[in-house]
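Within every chain, numbering begins at 1; the chains are lettered A, B, ... in the order of the sequence lines, protein sequences first and strands thereafter. Computed over heavy atoms, backbone and side chain alike; hydrogens, waters and symmetry mates excluded.
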Protein chains: 2
Amino acid sequence: MQHERANKVFEMLKQKDYKVTPQRKEILTLFLKKDGEHLSAEEVYRVLQESHPEIGLATVYRTLDLFAELDVLQKLSFDDGKNRYELNDSEIHHHHHLICLNCGKVLEFGDDLLEALEEQITAKIDFKIIDHKVKFYGYCSGCY
Amino acid sequence: MQHERANKVFEMLKQKDYKVTPQRKEILTLFLKKDGEHLSAEEVYRVLQESHPEIGLATVYRTLDLFAELDVLQKLSFDDGKNRYELNDSEIHHHHHLICLNCGKVLEFGDDLLEALEEQITAKIDFKIIDHKVKFYGYCSGCY
DNA sequence: CTGGATGCAAACTGTTTGCATCAGA
DNA sequence: TCTGATGCAAACAGTTTGCATCCAG
């Protein structure tokens, strides 16, 4: 149920004294609709443009920042010069990215395998890990 | 022996019909001197400025790009809006980064542990991994 | 009604490019 | 000599900011 998720976010906004504006609603709705995609500010802006031409690019940026801060979205960067955002899968259930060096396609994989690695690092180095980002580069099935 | 490493790179440049210019020499020398540091173009530019004020920022960018392409340097991004470069430790001996969320300090660790992970991924997903970038976020010993 | 949110345009930052000049091979 | 490399300035892309206006609470 998508709007259930949305309502949860709206709740949270209110609780933290942020206003629930139509712009914020629209942007969240877009991400819920495109669950799993990694959208840039520009892309969000362009899509919304069609149905809501009043929304400004600055508002998109501000809203994406806000949502990232509230952990509604996760901020990503694939080193193409622009930040991307994706819906943060509720509870800490990360996934990571396989980036095809040829066609640029981005595949994903879960991070269960990484937990063991984290433990080993924590044991070796005096560093408390609380998050990680992993990117693998290579060639997807269509490209080799 | 540092200039041995430098000479190797100069060799390579010549072999690939790139010219060995004083600017390229200076930039490489800087990275050799600051081995292990992650320098941004701006930083390289500012440091060189002191001893070689003629060198232009555009040249720094072009040279960093070139070196990255030749695998002399490795291009990194710590999501602070600017690219950084570090000396690429000769043969494929990667290390990865532990980024302190509090003070921004960047620690490093080797990647021997990751190999097993790669194999598991390759087995599961149809994707030929040829490189990876891993970043862990957390708190370093001074910050928790 | 009131302060936070918005839209717009201008400012900013990091990076790239066009072009005349320079210099390594 | 002659093409690739440089320096400079202008152009660019993505993002941020100032400010008058608007509207959710």
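- In the set C/dA5, D/dG7, C/dG14, C/dG14 carries the atom at the smallest distance from any side-chain atom of B/Tyr61.
- Taking the side chain of A/Ala41 as heavy atoms from C-beta on, and the options C/dT15, D/dG7, D/dT15, the nearest nucleotide is D/dT15.
- If B/Gly81 and A/Thr59 are placed on DNA chain C by their nearest nucleotide, the residue sitting closer to the 5' end is A/Thr59.
- At a threshold of 4.0 angstrom between heavy atoms, the contacts of A/Ile55 are confined to the sugar-phosphate backbone, with no base atom among them.
- As judged by a 4.0 angstrom heavy-atom cut-off over every strand, A/Glu54 is placed among residues touching the sugar-phosphate backbone only.
- Recorded end-axis angle for the helix from C/dC1-D/dG25 to C/dA25-D/dT1 stands at 40°, based on five pairs per end and rounded to 10 degrees.
- Map B/Pro53 and B/Arg24 each onto its nearest nucleotide of DNA chain D; the residue landing nearer the 5' end is B/Arg24.
- Applying the 4.0 Å criterion to OP1 and OP2 of C/dG7, one finds that A/Gln23 has a side-chain N or O inside that range.
- For B/Val20, the listed nucleotide lying nearest its side chain is C/dA25; candidates were C/dT15, D/dG25, C/dA25.
- Checked against D/dG4, C/dT6, C/dC8, the side chain of B/Lys19 finds its nearest nucleotide in D/dG4.
- In this structure, the nucleotide among C/dA23, D/dC8, D/dC23 sitting nearest to the side chain of B/Arg62 is D/dC8.
- Nearest-nucleotide mapping onto DNA chain C: of B/Asp65 and B/Thr21, the residue sitting toward the 5' end is B/Asp65.
- If you take CD of B/Glu26 and P of C/dA23, they are 16 Å apart, rounded to a whole angstrom.
- Counting to the nearest Å, the C1' atom of D/dT16 and the NZ atom of A/Lys75 are 11 Å from each other.
- In this structure, CD on B/Glu69 lies 9.5 Å from NZ on B/Lys75, to the nearest 0.5 angstrom.
- Residue A/Pro22 is in sugar-phosphate contact alone, with no base atom involved, counting any heavy-atom pair closer than 4.0 Å across all strands shown.
- We find that CG of A/Asp17 is positioned 14 Å from P of C/dG3, with the value rounded to whole Å.
- We find the CD-NZ distance between B/Glu11 and B/Lys14 to be 5.5 Å, quoted to the nearest 0.5 Å.
- Rounded to an integer number of Å, the gap from CG of A/Leu76 to P of D/dG14 is 17 Å.
- Atoms CZ (A/Arg84) and P (D/dT15) sit 9 Å apart, rounded to a whole Å.
- At distances below 3.5 Å, at least one donor-acceptor pair connects side-chain atoms of A/Glu43 with backbone N or O atoms of A/Ser40.
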